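Read the structure below first, then the notes.
Just follow the structure's listing: the first ligand is 1, and inside any ligand the first atom is 1. Side chains included, hydrogens not; waters and symmetry mates left out as well; all remaining heavy atoms used. This is a predicted model, so every value here is computed, not measured. The chain is numbered in sequence order, starting from 1.
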Amino acid sequence: MLDLIIRNGHIADGTGNPWFFGDVGVKDGRIAAVGRVEQEARSVIDAHRQVIAPGFIDGHCHSDLMIFDHPHSEIKIRQGVTTEVVGNCGLAPAPFVKERAELL
Ligand SMILES: [Zn+2]
């Protein structure tokens, strides 16, 4: 049994191929099936022709310090962003220096 099935979506798999209509099955946090998924799942989401896609990479953000206030980064997740490239434009808390701990 799968943990989750997202049904009836436009699947854009990130390979550059055209999207296709179908389902995505998830088990143990990983994609286990793509296409017409006939298995059962503990949870089912009807995407109702919304796009199902891999997480987006935000290649230029200034979220370096946001993670301290919002450790689950909901604002990014709700936009589909699952990876961020930080340290842009000279805004970076790293390398961490003990003398700047209070400032951070
Ligand atoms: Zn910038």
Answer yes when R7 and D46 have at least one side-chain N-carboxylate O distance shorter than 4.0 Å, and no when they do not.
-> no
Step through the shown structure and confirm whether more than 12 heavy atoms of other residues, nucleotides or ligands are within 6.0 Å of CD1 on I57.
-> no
R49: partners by side-chain hydrogen bond (donor to acceptor under 3.5 Å, both in side chains), with sequence neighbours left out | none
May I ask you to determine how many protein N/O/S atoms are under 2.8 Å from the Zn ion (ligand 1)?
-> 3
D3: partners by side-chain hydrogen bond (donor to acceptor under 3.5 Å, both in side chains), with sequence neighbours left out = R42
Could you list the residues that satisfy salt bridge (charged side-chain N to carboxylate O under 4.0 Å, His left out) with R78, not counting sequence neighbours?
-> none
Heavy atoms only: give me the nearest I6-A47 pair and the separation to one decimal.
-> CG2-CB, 3.9 Å
